[in-house]
Participant: 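I have a structure here, written as structure tokens, and I will follow up with some questions on it.
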Protein chains: 2
Amino acid sequence: MHVHENEDLAQRLATSGLRMTRQRQQVFDVVAESHDHPTAEQIFERAKKSNPEISFATVYNCLSVLVECGLVRQVILDRAPVRFCPNMREHWHFYCEQCGEVLDIDVPKDGAFHTGNLPDAFTVNHVDVALRGKCNRCSSQQKN
Amino acid sequence: MHVHENEDLAQRLATSGLRMTRQRQQVFDVVAESHDHPTAEQIFERAKKSNPEISFATVYNCLSVLVECGLVRQVILDRAPVRFCPNMREHWHFYCEQCGEVLDIDVPKDGAFHTGNLPDAFTVNHVDVALRGKCNRCSSQQKN
DNA sequence: CTATATGCAAATAGTTTGCCTGTTA
DNA sequence: TAACAGGCAAACTATTTGCATATAG
């Protein structure tokens, strides 16, 4: 189902000279199974279900390792805690400013998106696009 | 030179039922004169030049008021401190992952940018685009 | 075996809050 | 002359670090 299977995780870690551990597996599993862009704290709570001994610092550690290895993506949308998502394909995010929900948006195929009037000699590695507004649920509640 | 003159500031504040104060003017002036997307701390340091009595909490207060009134924009690029910019026209940002420099990028006129496969009933208020990579200076230093 | 990762607790960074005083409309 | 804003210090939140112990390769 997911892009990365368990062996792949060990391999990707090994490639970067990093060890496979129970905790890294657990944290990865939690993110891979989550489709709500959880925060580090939410990941910690979920990871505790399979390993009540896991520590918060380890969750942070594992997450930063997974991000480094390109197995998990970090999403920064506001000054709230950073969120994580297992979707490594190119995609955008929709962020509901009312309820905080985050949604993956496919990049439109015809979305002739170019990097604009960027001065020469600039190198673009990645383009982050976040649409901000109200989700369907919050839009229908006429409130505000 | 700038989009907003001083009278305008007082007016915009008044429209939101807010008062004009020396500190709000000073903080606004600092941001308006800055083209390097300063952090709250940098704004504090610069504001102290014209008013050594100003407090850090007041700078935060003034900034959030100015952001609310649409006079200053908040830019969130990473887990580092929030940055501010006086450019209220639609534009994107380029963020150098090596030196941290932030640059305004004009939205390409032909930049066929549409909000993609967004489910019905979603309302988009704003689109945040950040290009990440290396600036010209960091690109030429082959380092990394 | 030994370098690396974990767990815990304490430290840090950025930001926010509470409370009293000063200032604006 | 009130309601609002500033100043200061303390609180808070998210994250990082240091260090002793455990574990993967």
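Below, read A as the first sequence line, B as the second, and so on, with proteins coming before strands; counting in each chain starts at 1. This is a predicted model, so every value here is computed, not measured.
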Participant: Could you state the atom-to-atom distance from CZ of B/F28 to C1' of D/dA5 in whole Å?
Facilitator: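 One finds 19 Å between C1' of D/dA5 and CZ of B/F28, rounded.
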
Participant: As a test of reading the structure: which of C/dG14, C/dT6, C/dG7 is closest to the side chain of A/S55, going by heavy atoms?
Facilitator: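 Shortest atom-to-atom distance from the side chain points to C/dG7.
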
Participant: May I ask whether B/V65 and B/L9 are part of the same hydrophobic cluster, defined by side-chain heavy atoms of I, L, V, M, F, W, Y residues being less than 4.5 angstrom apart, directly or through others?
Facilitator: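 Result: yes, single cluster for both.
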
Participant: Atom CZ of A/F56 to atom C1' of C/dA10: distance rounded to whole Å?
Facilitator: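 Distance, rounded to whole Å: 15 Å.
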
Participant: Indicate, yes or no, whether a donor-acceptor pair under 3.5 Å links the base of D/dA3 to the side chain of B/R19.
Facilitator: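 It does, because a donor-acceptor pair links the side chain of B/R19 to the base of D/dA3 below 3.5 Å.
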
Participant: Where the side chain of A/Q23 is defined as all heavy atoms beyond and including C-beta, which of D/dG6, C/dG14, C/dT6 is the nearest nucleotide?
Facilitator: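 Among the listed nucleotides, the one closest to the side chain of A/Q23 is C/dT6.
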
Participant: So which of residues 39-53 of chain A are in contact with DNA chain C, with a heavy-atom cut-off of under 4.0 Å?
Facilitator: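 The stretch gives A/E53 as the residues lying under 4.0 Å from the strand, ordered by number.
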
Participant: End-to-end bend of the helix from C/dC1-D/dG25 to C/dA25-D/dT1 (five-pair axes, 10° rounding)?
Facilitator: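 So the angle between the two local helix axes works out to 40°.
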
Participant: Of B/T21 and B/R79, whose nearest nucleotide on DNA chain D comes first from the 5' end?
Facilitator: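 Its nucleotide being nearer the 5' end, the pick is B/T21.
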
Participant: Going by distance alone, is a donor N or O of one side chain under 3.5 Å from an acceptor N or O of the other, for A/H35 and A/N87?
Facilitator: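 There is no such pair (donor and acceptor under 3.5 Å, judged by atom type) between the side chains of A/H35 and A/N87.
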
Participant: Scan A/V82 against the nucleic acid and name what it touches under 4.0 Å (heavy atoms): base, sugar-phosphate only, or nothing.
Facilitator: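 Counting heavy atoms under 4.0 Å across all strands, the contact made by A/V82 is with sugar-phosphate only.
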
Participant: What's the closest nucleotide to the side chain of B/R24 if the choices are D/dG25, D/dG6, C/dG7?
Facilitator: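 For the B/R24 side chain, the nearest candidate turns out to be D/dG6.
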
Participant: Assess the side chains of B/H93 and B/D128: does a donor N or O sit below 3.5 Å from an acceptor N or O?
Facilitator: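 Note: B/H93 and B/D128 side chains miss the donor-acceptor criterion.
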
Participant: Applying a 4.0 Å non-hydrogen cut-off, can you work out what A/R22 is touching in the nucleic acid: base, sugar-phosphate, or nothing?
Facilitator: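 No contact.
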
